[in-house]
Asks: 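My structure is below; once you've seen it, I'll send some questions.
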Amino acid sequence: MPTSVAALPIRRLTLDDLHSCADLSEDRGWPREEHKWGLLLSAGTGYGIDDPQGKGLIAGCVVTSYGPGLSAVGMVLVAERHARQGIGKRLMRHVLKEYEGTPLTLHATPNGQPLYEQLGFATTGRAEMVRGPFMLSGRTPRVSTRPATADDLQAILKLDAEVFGQDRTHIIARLPAFADQLRVAEDAGALTGFAAAWPNMDTYVVGPLIAHNTETAKGLIASLAVEADRPLRTDIDVRHKELLTWLKAQGLESIAHNAVMTHGIPALPGDWTRRFAPLTVAAG
Ligand SMILES: CC(C)(COP(=O)(O)OP(=O)(O)OC[C@H]1O[C@@H](n2cnc3c(N)ncnc32)[C@H](O)[C@@H]1OP(=O)(O)O)[C@@H](O)C(=O)NCCC(=O)NCCS
């Protein structure tokens with residue numbers, strides 16, 4: 001069995017594979033996250049291996065490309081029944097070959113980290129996943145925020161490119177449809193940050209979160225939380241200690257730490273001081 005599995009073809013995934021991808025997540029004890037899979041499969045490129053017995057996928061992952069400067073790998077999954085047979089390594093080698101010459105990044109779980117290290121990825125940062133019902137305590141952040149409108153798009157894209165360090169138009173332009181809320185912060189008419197919140201199973205994920213300082217990041221989160229009908233979740237770069245401390249004081253708890261890894265570059269491009277949280281750890 002292992003020999004034949006090792007020879008199975010790797011194919012591109014499409015939106016038609018969404019349910020099989022969610023089944024794969026479930027197989028590994030992850031939530032199905034169909035809304036997120038839908039975004040990743042439409043904005044990015046999925047790779048998968050079909051079960052020869054017709055039982056869906058035995059492995060999959062998605063790559064979100066930001067041009068020649070960066071691509072992000074996420075949702076790397078191998079069905080439990082085929083674990084430790086070299087399939088994860090083969091899938092990742094395929095991705096490395098397809099994106100040869102392009103710097104790669106990913107957020108690694110402790111489960112995936114040894115595999116990525118074997119393939120030349122290095123840990124260049126960490127993100128802390130926090131989750132819980134948000135209850136504003138202490139003073140309200142002094143930041144002016146409002147819902148984004150179509151007129152804000154160009155300014156959002158400009159700020160995002162500066163802070164993310166790559167052109168993310170294909171992702172940012174999808175936010176109004178993907179997210180429940182997209183809000184901007186401004187000071188004297190100038191854009192000082194933006195953040196989205198989108199539904200993911202039983203949580204409401206805050207990301208991307210871009211802000212010119214921590215107070216602005218707090219104001220954006222607090223304003224998004226007003227309409228949240230479930231616990232918030234976000235993945236904060238651990239260098240943003242003040243924001244993490246504040247989030248915990250507002251009721252969120254630390255759930256996990258993930259390693260931010262890169263391949264082909266010593267650190268992520270852009271400006272981490274204004275980049276607080278990714279859209280999703282699966283898209284960099
Ligand atoms: C991580 C994952 C994709 C690895 O897939 P896999 O096909 O089982 O991995 P491989 O057989 O190709 O193993 C490659 C190497 O990774 C390491 N590895 C794999 N599973 C591991 C585990 N459970 N614990 C520690 N190391 C592990 C080993 O070093 C292994 O090499 P070895 O077998 O020669 O020792 C798979 O375990 C999985 O789907 N896990 C759940 C989802 C997840 O955490 N994904 C990673 C997201 S970042």
Side-chain angles (χ1 to χ4, degrees), residues 1-11 13 17 20-34 36-37 39-41 44-53 55-64 70-99 103-129 131 200-201 205 207 233-238 255-264 268 277-284:
M1 189 72 180
T3 328
S4 57
V5 165
L8 292 173
I10 297 173
R11 69 169 175 90
L13 301 177
D17 297 299
S20 304
C21 289
D23 289 346
L24 201 52
S25 292
E26 205 162 50
D27 177 86
R28 275 298 185 156
W30 285 12
R32 294 184 63 82
E33 301 188 318
E34 292 186 358
K36 180 166 93 178
W37 272 114
L39 174 83
L40 295 170
L41 289 171
T45 307
Y47 297 89
I49 300 176
D50 290 315
D51 185 322
Q53 285 157 6
K55 294 187 200 148
L57 292 168
I58 63 168
C61 70
V62 183
V63 182
T64 307
L70 190 70
S71 285
V73 187
M75 309 304 276
V76 181
L77 285 151
V78 173
E80 184 82 58
R81 63 190 183 281
H82 293 295
R84 301 308 291 261
Q85 294 174 17
I87 295 173
K89 197 183 282 182
R90 181 162 161 243
L91 189 61
M92 282 304 296
R93 282 212 172 111
H94 180 82
V95 166
L96 283 168
K97 200 154 169 264
E98 290 270 298
Y99 292 82
L104 296 177
T105 183
L106 54 79
H107 281 70
T109 60
N111 213 356
Q113 197 171 340
L115 164 61
Y116 306 130
E117 279 166 357
Q118 283 180 24
L119 295 172
F121 282 82
T123 300
T124 51
R126 294 194 81 71
E128 184 170 348
M129 186 196 300
R131 179 188 190 280
N200 191 20
M201 310 295 291
V205 179
R233 174 204 157 161
T234 186
D235 296 84
I236 305 290
D237 183 319
V238 295
I255 301 297
H257 282 82
N258 285 318
V260 178
M261 304 185 86
T262 57
H263 186 283
L268 285 175
L279 163 66
T280 153
V281 293

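Computed from a prediction, not measured in an experiment: that's the story for all the values here. One-based numbering, in listed order, for ligands and for the atoms of each.
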Asks: As a test of reading the model: which residues have a non-hydrogen atom less than 4.0 Å away from ligand 1?
Replies: Arg28, Trp30, Val76, Leu77, Val78, Ala83, Arg84, Gln85, Gly86, Ile87, Gly88, Lys89, His107, Ala108, Thr109, Asn111, Gly112, Pro114, Leu115, Tyr116, Gln118

Asks: Within the distance-only criterion (no hydrogens, no angle test), does the side chain of Thr123 pair as donor or acceptor with the backbone N or O of Met261 below 3.5 angstrom?
Replies: no

Asks: Okay, side chain of Asn200, backbone of Glu33: is any donor-acceptor separation there less than 3.5 Å?
Replies: no

Asks: Just by modelled atom types, is the Ile236 backbone N or O under 3.5 Å from a matching donor or acceptor in the Thr234 side chain?
Replies: no

Asks: Does Val78 offer a backbone N or O that forms a donor-acceptor pair with the side chain of Arg28 under 3.5 Å?
Replies: yes

Asks: Can you name the side-chain hydrogen bond (donor to acceptor under 3.5 Å, both in side chains) partners of Ser20, sequence neighbours left out?
Replies: none

Asks: Given Leu40 and Met75, is the side-chain contact (heavy atoms from CB on, under 4.5 Å) satisfied, shown in steps?
Replies: CA-CA 9 Å; Leu40 295 170; Met75 309 304 276; 3.7 Å; yes

